[in-house]
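Only heavy atoms go into these numbers, but all of them, side chains included; no hydrogens, no water, no symmetry mates. The first residue of the sequence shown is numbered 1, and numbering continues consecutively from there.
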Amino acid sequence: MNIDIWPHIISMPVYFIILLFIIAFFRKYYKFSAYFWTASLLTFPLWMMGGVEGWFRWVKILSVILPTIIVCFSRIAVYEDRQGKVWNVLKHKEFLWFFYAILFLNILEATIKDATMGNYYNALTGFLLCVTIPFAPKFWEITNKKIAASKSYGDLVAYTTAPWNFLYTTWNACFVYAESPIYFGASLCILLAAEIYPILKKRPELYIIARVYTLAAHLLLRASFDIFPQVMDTSSWQNAEVLKMWGIINFALMVPYLFWHMWQLHTGKAEKSFRRQKATA
């Protein structure tokens, strides 16, 4: 295997830093975030000119951007306690099941694709990730002015644990390594940005909102100006043996986490072990 890494020494760190900025920016400016992602739908002519072909890719893009828009308006509804029929639906605690379902389906979609590619151990890991998503609304919330820290701008928080976040990251990276090796480098950047941002903030529960904004930004950029094959082509990195071992390792790590997760729920310790004291940044 001849791995060509030199062209990525600059492009990948730069993209990673940009993604960290995107997460922080859209977290803080929650109103602008709603307007921006709604307006992003108007870029669809660029999607056609950029080579987005086939119903699957269109559905994939819309299935990420539309829920992102809903996340943004739900943040406004809760943080500002907006009143009205639509606002009341968006800020209702039971509506958090919608975000749970989107995450579940996102993982399940890739899991099924993994299985069809013969990446069975990684597919099993994806299935167990679905099983171990903390339930809504008990372990999900959108912070408001009364309970949020001064610098928590209506965040969508899901009390996933740091190990779950890591397992999701390595599972998804393995999936992209198998399914789209040419985009593996770029996808690794968005996964690492979502993984590291909560670590920097010492708030693992920010993983989902970080993942929402990095994935949406990446898909919008790919649909409008797909520069990644030119500046970040990692197709030479693919190796069948590496892929097989990676899937096995992911599954081996996932199984003990599954038992730990179930034990926390069974013993009633999940309320403490899944949740952590909220930070102020």
F99 and I70, any side-chain heavy atoms less than 4.5 Å apart: yes

Hey, does the Lys NZ or Arg CZ of R275 hover above the aromatic six-ring of Y159, less than 6.0 Å from the centre and inside 45° of the axis? yes

Can you name the closest pair of heavy atoms from P198 and A193 and give their distance? CD-O, 4.4 Å

Do V86 and Y30 sit in the same hydrophobic cluster, where Ile, Leu, Val, Met, Phe, Trp and Tyr count as joined when their side-chain heavy atoms come under 4.5 Å apart? yes

Just so I know, are the side chains of W260 and T161 near enough to count as touching, which here means a heavy-atom distance under 4.5 Å? yes

Give the ring-plane orientation class for W164 versus Y207, where under 30° counts as parallel, over 60° as perpendicular and anything between as tilted. perpendicular

Group every Ile, Leu, Val, Met, Phe, Trp and Tyr by side-chain heavy-atom contacts under 4.5 Å, then state whether M254 and F259 land in the same group. yes

If you look at every heavy atom in L206 and V157, which pair is closest and at what distance? CD2-CG1, 4.0 Å

Between W140 and W97, is the ring centroid distance below 6.0 Å? no

Pair Y35 and F32, ring centroids less than 6.0 Å apart: no

Is it true that E80 and R75 make a salt bridge, defined as a side-chain N closer than 4.0 Å to a carboxylate O? no

Linking I/L/V/M/F/W/Y whenever any side-chain heavy atoms sit under 4.5 Å apart, do Y120 and I112 land together? no

Side-chain heavy atoms of N106 within contact of L215, under 4.5 Å: yes

Under 3.5 Å, is there a donor-acceptor pair between the Y197 and T214 side chains? no

Do the non-hydrogen side-chain atoms of L243 and C174 ever get within less than 4.5 Å of each other? yes

How about S187 and Y177: does a side-chain donor come under 3.5 Å of a side-chain acceptor? no

Would you indicate whether the side-chain heavy atoms of V255 and T125 approach each other to under 4.5 Å? no

Validation row, ring centre F36 to ring centre Y29 under 6.0 Å: no

Could you check, using the six-membered ring where one of them is a Trp, whether Y213 and F25 have ring centers closer than 6.0 angstrom? no

Could you go step by step and tell me if E141 and K93 meet the salt bridge (Lys or Arg N to Asp or Glu O under 4.0 Å) rule? CA-CA 7 Å; E141 67 178 317; K93 288 192 69 173; over 6 Å; no

Taking every non-hydrogen atom, the tightest pair across W246 and T170: NE1-OG1, 2.8 Å

May I ask you to check if R222 and Y183 form a cation-pi contact, with NZ or CZ under 6.0 angstrom from the six-membered ring centre and within 45° of the axis? yes

Which atom pair, heavy atoms only, marks the closest approach of L167 to N250? CD2-O, 4.3 Å

Short side-chain donor-acceptor distance under 3.5 Å, T160 and Y168: no

